[in-house]
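Report on the following structure.
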Amino acid sequence: MFKRLATAAVTVVLMAGLGACGGGGGGDVHDEGSDYSVDVGQNSGSGSGSGAGESRPDASATADASVFGLRDDVRHLRAKTARATRPHMTKKCATTTRRVKHTSSTGSGTKRHTRTWYSTEHSKTCKQVRRGTESYTRVVRPEQWCVSLDDVDGDKGRDDVWYQVDRTDYDAAVGTDDHARIGFTPTGDGC
């Protein structure tokens, strides 16, 4: 009974939290596939909102983002590979056999009879041994997806700053217009 009550309480708390986060009817469109929001119809040069050209972030655009700014450019760098050699390891096995003695007794005292027989047990032991070398493709630089931002974190002096992002944030940035306000969590700096 207590377990049901605890489950019901957790469900109510989660529904209340999700309800508080979900509604609103503001001008923002939130892409559920990524962790950022994009302004729709705000600061688009029409003179509405808090002033054209102002780069003050809204709360929903930066709630989960560690970096925000105006989208400048995107760049995709393919993985860079090189041929290399490494030791070729093979499995070497050895089979061993041993003779095992078995005995069985029946009866007791002077009527005791012991029967003896032998069997052969096989065992196999394996280990990795080096045998020559093999060629393989080594990754020199992994595949990278990069986004450049202007007015990083609201600082108008920080323009053309490159960040490495994951594939989801890259795809979301490609789908937005130039100088749209975006936010994301970078996986690295520079590109």
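Along the sequence shown, residues are numbered consecutively beginning with 1.
Annotation: the span from Trp162 atom CH2 to Asp73 atom CG amounts to 4.0 Å, rounded to 0.5 Å. Gln128 CD to Met89 CE: the interatomic distance, rounded to the nearest 0.5 Å, is 5.5 Å. Atom OG1 of Thr185 sits about 7.0 Å away from atom CG of Asp169, to the nearest 0.5 Å. Asp166 contributes atom CG, which lies 13.0 Å from atom CD of Gln144 (distance to the nearest 0.5 angstrom). Interatomic distance, Arg86 CZ to Arg138 CZ, rounded to the nearest 0.5 Å: 11.5 Å. Rounding to the nearest 0.5 Å places NE2 of His76 at 9.5 Å from CG of Asp171.
Between Thr97 and Glu121, the closest side-chain pair of non-hydrogen atoms is not below 4.5 Å.
Checked by atom type and distance alone, the side chain of Thr187 pairs as donor or acceptor with a backbone atom of Gln164 at under 3.5 Å. Between the side chain of Arg131 and the backbone N or O of Lys91 there is no donor-acceptor pair closer than 3.5 Å.
Remark: the Ser119 side chain and the His102 side chain contain an N/O donor-acceptor pair separated by less than 3.5 Å. Between Thr103 and Arg115, the side chains place no donor N or O within less than 3.5 Å of an acceptor N or O (distance only, hydrogens not considered).
Not counting sequence neighbours, the partners of Asp189 by the side-chain contact (heavy atoms from CB on, under 4.5 Å) test are Tyr163.
Listed here is the closest heavy atom pair of Pro186 and Val165: CA-CG1, 4.5 Å. Closest approach of Phe68 to Gly154, counting heavy atoms only: CE1-N, 3.5 Å. When all heavy atoms are compared, the tightest approach of Gly69 to Leu149 is N-CD1, 4.1 Å. Val74 and Val147 get closest at one heavy-atom pair: CG1-CG2, 4.2 Å. The nearest pair of heavy atoms linking Pro87 to Arg130 is CB-NE, 3.7 Å. The two residues Asp153 and Val67 have their closest heavy-atom pair at OD1-CA, 3.7 Å.
Counted within 6.0 Å of CZ on Arg83, heavy atoms from surrounding residues, nucleotides or ligands total more than 12; the atom is thus considered enclosed.
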Exercise. Before giving the answer on side chain to side chain contact (heavy atoms under 4.5 Å, CB included), spell out for Lys80 and Val139 the whole-Å C-alpha distance, their side-chain angles and the decisive distance to 0.1 Å.
Key: CA-CA 6 Å; Lys80 188 176 183 181; Val139 177; over 6 Å; no
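Hydrophobic clustering (ILVMFWY, side-chain heavy atoms < 4.5 Å, transitive): Phe184 and Leu77 are in distinct clusters.
In summary, of the residues considered (Arg158, Lys156, His179, Arg71), a side-chain hydrogen bond (donor to acceptor under 3.5 Å, both in side chains) with Asp150 occurs for His179 alone.
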